[in-house]
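Presented below is the structure to which this report refers.
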Amino acid sequence: MAADKKKKVPERWVRSTCPYCGVGCGVEVGVRKGGIVQIRGDRSHPANFGKLCPKPIGLPEALRSPDRLTHPVRAKANGALEQISWEDALGEVARRLAQTVERYGPKGVAFYISGQLLTEDYYAVNKLAKGFLGTNNVDSNSRLCMSSAVAGYVGAFGTDGPPTAYSDIGYAECILLWGSNTAECHPVTFGRIKDRKKDPKVSLVVVDPRRTPTAEIANLHLRIKPGTDLALSNAMLRVLLEDSLIDRRFIERNTNGFEEVARVARTQSVEQAARVCGVPAEEIVRAARLFGEASAAMILWTMGVNQSTVGTLKNRAIINLCLATGNVGKPGAGPFSLTGQPNAMGGRETGGLSHLLPGYRSVENPEHRREVEQLWGVKPGSISKEPGLSATALFKALEEGSVKFLWVAATNPAASFPNLGRARRALENAEFVVVQDAYTTETTRFADLVLPAAQWGEKRGTMTNSERRVSLVEKLVEPVGEARADWKIFAGVGRRLGFEERFAWEDPAEIYDEYKELTRGRPTDVTGLSYERLGRSPVQWPVPDALPRDERPSGRIFRPEPGEEEHPGTPRLYTDGDFNTPDGRARFEPTPHAELHESVSAEYPLVLSTGRIKSQWHTMTRTGRSEKLTQGLEGPFVEVHREAARRARLCNGEEARVISARGSFVAQVITTEEIEEGTVFAPFHWGDLWTKNGSVNDATHDAADPTSGQPELKGAAVRVEPVRKREDQSLNRTAGEVV
Ligand SMILES: Nc1nc2c(c(=O)[nH]1)N[C@H]1C(S)=C(S)[C@@H](COP(=O)(O)OP(=O)(O)OC[C@H]3O[C@@H](n4cnc5c(=O)[nH]c(N)nc54)[C@H](O)[C@@H]3O)O[C@H]1N2
Ligand SMILES: Nc1nc2c(c(=O)[nH]1)N[C@H]1C(S)=C(S)[C@@H](COP(=O)(O)OP(=O)(O)OC[C@H]3O[C@@H](n4cnc5c(=O)[nH]c(N)nc54)[C@H](O)[C@@H]3O)O[C@H]1N2
Ligand code: SF4
Ligand SMILES: [Mo]
C-alpha cells in the first residue's frame, strides 16, 4: 500500500483547466514518469480558487484505461476491422471528401463536432469545412445544449455572450436558478452560491419540476410542471408591473419593445398561471417580489430552459425579466446562461454552429463572409451564404440520404442524440462515416473509419468558460499509441486536399494567433491574448491588444509588450447600457406560453424529463472508467412520484420499462415525493455499451425549437410499466417443473 502510494507521488505539478463542465475550473496536474497521477484544484484560478468537484479527481484512471483507441482503424465491407497507417487514413478521408463534394456538391458532406473540442480544434475544422469545402454543414452537440441561449442573447442584445461574471454571485441579493441542477452539474459555482446565501439578506429561488439537491437549499422552490416556464415568467412580470418593481428609467433609455411584452403578460392572471404551472399563486408572487425587490438580482439557467421547443423564448423571457428590472450590466445582476461543456463557449466564438463564422459572425451576413474570406485567403464567394444543417436537421438529412459523408468528432450521438432509432438509421444510411474519439463508443460501431484522438492532457490549446474566461489547457503527457490532436487531424486532411499553406500549422499557438486576428474589433476580441499571457493567468474577453482609448498613455497607439500594462479583460458586458444591436438598445420579446411538443395521453400519461447525476459525465466514456466515480452506482434508474407509481403498480427498487411512441428503456424505479406528480426523471448516462435494455434516448423525441434548432430533451410522453421479473421467473420455474 505504502509503495503503491509512493508510486503516485507526482514529480511535478502543471497548471491546466478541467476538461469537464463549463465552470472551467483551474487544476494542477501531478505528472510522474510520463503519466498523469493526480489532479488538485488551482488556488490561483478565478473560476474556482482551488475548489474542485469529484469528476476530475477520477481522471487519471480514465485517461490511462487500457481500452483507449491507439491506431486508425478501417471497417471492411465484411465487418472485420483493419488497423491502418495515418497516411492511409488521412488519404482515404481526403479522397472520400473530395469524391462526395464532386458527386453531390458541398452539401453532401457534414461535420458533427463538440463543445469538448479545444478552440484550436474547433477553428481548424470550421476553416476546413466553411472556407475550403464550401459547406456550412458543421454543427456541434452545442445544438442540443446551448443553441437556445445563443439565440436568446443574439435576439435580445444583438450578439451572443453571457454579460456576467462569477464574481457577480458575490454581489447579488436574489439568485434565481431556473431549470438548473447547479448542485450536481456545476458544483463549484453552486459552492459560491451557497456561500453567498449565508448572508441573510440574500434569497435563492429555484424553478425545477424536481426537488433536486439544488432546490433543497432554496428559500423558495417552484416545483412547476415541465414546460410551463413561460406561464411562470409572464406571471412574474405581471406581478412586477402591478407592484411597480420595474425599472422604468432603464427600460426607456436602453430598451425597445417593453409595452408589447407587458401587454402579453397582462393577458394571463397570476391564478391562471398558477394552475398551468401547478404551483400556488402565492409562490409566484413571492418569487417575483424576491427578484424585483433585490438591489441586484441574477438569473442562472441551463437545460431545463434551453432543451425545449420554446427554448429561445424561455431565454428571452429570462432576459426580459432582467431588462425590466434593470438587472443588466451592473455588479450582482444579469442573465447568466451557464454553459454545459468545457468549451461550448469557445465553439460559439470560433463559429462552431452551422449558421456561424468565427468572431460571432454569421454566414448570412455578406460583410462577415467577406471579412472571413479575406483572412482565410480564399476567393470571394467561397463561403456559402446558406446556413448549414442544424444537428437535428442533419440526422434527418442523413436518414433521407441527402447527406452522404459524416465526420463525427468528440461526441457520441449513438447514445446522446434524441430519438436514437432515427439517429442509428441515419448513421447506418450514410455512405461514409468517420468517427474521431479517444475510446470505443456506441458511435464508433457505425464508423467506416475510426481515428484515435489525443485527449485532455495529451494536447495543448485553449477553452473559454461560462463567464467568457479563456484558460490554457496544457499538454502534459504524450498521446497514447498513435493518437493525434484533433486540430492536427483536420489540418492533415486540409493539406491532403491541396491546401498545404492554409493548414501548415505545426503548433496550436500558431492556430490561436491566426484565430485571434479574426476577432479583432469583434465582441469576442482576444487580440490581447497569447499563450504566453494565458500562461500567466486566464482572462475574460473582450481583451483587445490595445488598451481602451482613455487608458492609453498619450501620444502613441498602445500595443503593450509582455510585462507592460495590458488590457485587463472584461468582467462584465453592457455596463454603459450600450448593446450590440443597430440602435444600441436591448430588445424585449413577447413570450406567450406554449404547451410541450408532445402531449400526454391515456396511453402515455407521464412526462419524461432527462438529465444528469453528479458523479457521471454524459455517455460515461471517462467517468464510467473510474472506480471512484462509479462506486455505489447500480445502473440506469427512473424517479417516479409515489402516487404515479401506485397508479402504475410500480414498487420502489423494481425494474420497469419506460415506453414512448418511439422506443423504450429499462431502469430501476425509485419512488419519491420530490418530483412533480406527472413527471418521471431519468439520467441519460447509460448508453448501449453500459446497459442491455435500451437507453433513455430511445424514448426521447427530436422535435426542436424553430429558431434555435434545439431539441426538447426534457418532455417526451411516456408510460412506465413494471418488467415483473418475479412473474417472469415464476413462469419459468413452472415451465421448468413440467419438464
Ligand atoms: N455531473 C455532471 N455535470 C455536468 C454534466 C454531466 O453530464 N454530469 N454535463 C454538463 C453539460 S454539457 C450540461 S448541458 C449541464 C447541464 O446542467 P443542468 O441543466 O443543470 O442539468 P440537467 O440534469 O440536464 O437538467 C437540469 C434540470 O432541469 C430540470 N427540468 C426539466 N424540465 C424542466 C422544465 O420544463 N422547466 C424547468 N424549469 N426545469 C426543468 C430537471 O428536473 C433538472 O433538474 O451540466 C454540465 N455538467
Ligand atoms: N436525453 C438527453 N440527452 C442529452 C441531454 C439530456 O439532457 N438528455 N443533453 C445533451 C447535451 S446538453 C449534451 S452537451 C450532449 C453530450 O453528449 P455527447 O456529446 O455524446 O457527450 P460525451 O459522452 O461527453 O461524448 C464526448 C465524446 O468525446 C470523446 N472525447 C473526449 N475528449 C476528446 C478529444 O479531445 N477529442 C476527441 N476527438 N474526442 C474526445 C469522449 O471519449 C466521448 O466519446 O448530450 C445531449 N443529450
Ligand atoms: S465544477 Fe466543472 S470545471 Fe469545476 S471541477 Fe467540477 S467538472 Fe471540473
Ligand atoms: Mo450540454
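Whatever order the structure lists ligands and atoms in, that order sets their numbers, starting from 1.
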Got a donor-acceptor contact below 3.5 angstrom from the [X] side chain to the [Y] backbone?
X: D705; Y: G311; answer: yes
X: W456; Y: T17; answer: yes
X: D698; Y: L420; answer: no
X: T214; Y: T182; answer: yes
X: N306; Y: M146; answer: no
X: T302; Y: G179; answer: yes
X: T700; Y: P418; answer: no

When you look for heavy atoms under 4.0 Å from ligand 1, do you find them on the side chain of [X], its backbone, both, or neither?
X: K314; value: side chain
X: I613; value: backbone
X: C21; value: side chain
X: E184; value: backbone
X: H618; value: both

Is the shortest N/O to N/O distance between [X] and ligand 1 below 3.5 Å?
X: G340; result: no
X: Q616; result: yes
X: K614; result: yes
X: T182; result: no

Ligand 1 atoms in contact with [X] (distance to a heavy atom under 4.0 Å):
X: Q341; answer: 12 (S)
X: P226; answer: 35 (O)
X: T212; answer: 44 (O)
X: M303; answer: 14 (S), 16 (C), 19 (O), 24 (O)
X: W178; answer: 38 (N)
X: H685; answer: 7 (O)
X: N181; answer: 20 (O), 26 (C), 44 (O)
X: C145; answer: 14 (S)

*Would you mind checking if E676 and R223 are paired as a salt bridge, meaning a charged N to carboxylate O distance below 4.0 Å?*
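No salt bridge links R223 with E676.
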_Strictly below 4.0 Å, N to O, side chains only: are E28 and R15 in salt-bridge contact?_
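Looking at R15 together with E28, the answer is no, because their closest N to O distance does not fall below 4.0 Å.
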_So is N48 touching ligand 3 or not, going by heavy atoms under 4.0 Å?_
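Contact check N48 vs ligand 3: negative.
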*asked:* Please confirm whether K55 approaches ligand 3 to less than 4.0 Å, judged on its heavy atoms.
replied: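 The answer is yes: ligand 3 sits under 4.0 Å from a heavy atom of K55.
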*Are any N, O or S atoms from C53 nearer to atom 6 (Fe) of ligand 3 than 2.8 Å?*
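A backbone or side-chain N, O or S atom of C53 is under 2.8 Å from atom 6 (Fe) of ligand 3.
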Which residue and atom name correspond to the protein heavy atom nearest [atom], and how close is it?
atom: atom 43 (C) of ligand 1; answer: D208 OD2, 3.3 Å
atom: atom 35 (O) of ligand 1; answer: G227 N, 2.7 Å
atom: atom 47 (N) of ligand 1; answer: C185 O, 2.8 Å
atom: atom 37 (C) of ligand 1; answer: D229 OD2, 3.4 Å
atom: atom 24 (O) of ligand 1; answer: R612 NH1, 2.7 Å
atom: atom 25 (O) of ligand 1; answer: K714 CE, 3.3 Å
atom: atom 10 (C) of ligand 1; answer: W617 CZ3, 3.3 Å
atom: atom 18 (P) of ligand 1; answer: T302 OG1, 3.3 Å

*Please examine the side chains of I39 and L52, heavy atoms only from C-beta on, and report whether any two atoms are closer than 4.5 Å.*
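Touching, per the 4.5 Å side-chain cut-off.
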*Can you tell if the side chain of R210 reaches within under 4.5 Å of the side chain of S609, non-hydrogen atoms only?*
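Not touching, per the 4.5 Å side-chain cut-off.
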*asked:* Using a 6.0 Å cut-off, check whether atom NZ of K51 has over 12 heavy atoms from anything other than its own residue.
replied: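 Incorrect, the count does not exceed 12.
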With no hydrogens and no angle check, do the side chains of [X] and [Y] hold a donor and an acceptor under 3.5 Å apart?
X: T309; Y: E712; value: yes
X: Y20; Y: T623; value: no
X: Q455; Y: Y439; value: yes
X: S148; Y: S708; value: yes

_Region of C18 engaging ligand 3 - heavy atom pairs below 4.0 Å_ =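 The part of C18 near ligand 3 is the side chain, not the backbone.
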*V470 versus T464, closest heavy-atom pair with distance*: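 Distance-wise, the nearest heavy atoms are CG2-OG1, 3.8 Å.
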Go through ligand 3 atom by atom and flag the ones less than 4.0 Å from a non-hydrogen atom of [X].
X: P187; value: 1 (S)
X: Y20; value: 7 (S)
X: G24; value: 3 (S)
X: P56; value: 5 (S)

*Result of checking T691, V696, T619 against W686 for side chain to side chain contact (heavy atoms under 4.5 Å, CB included)*: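 That would be T691.
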*asked:* For F417 together with Y112, are the ring centres under 6.0 Å from each other?
replied: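 Yes, they do, as the ring centres are separated by less than 6.0 Å.
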*asked:* Any atom of ligand 1 sitting under 4.0 Å from a heavy atom of K225?
replied: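 No, K225 has no heavy atoms under 4.0 Å from ligand 1.
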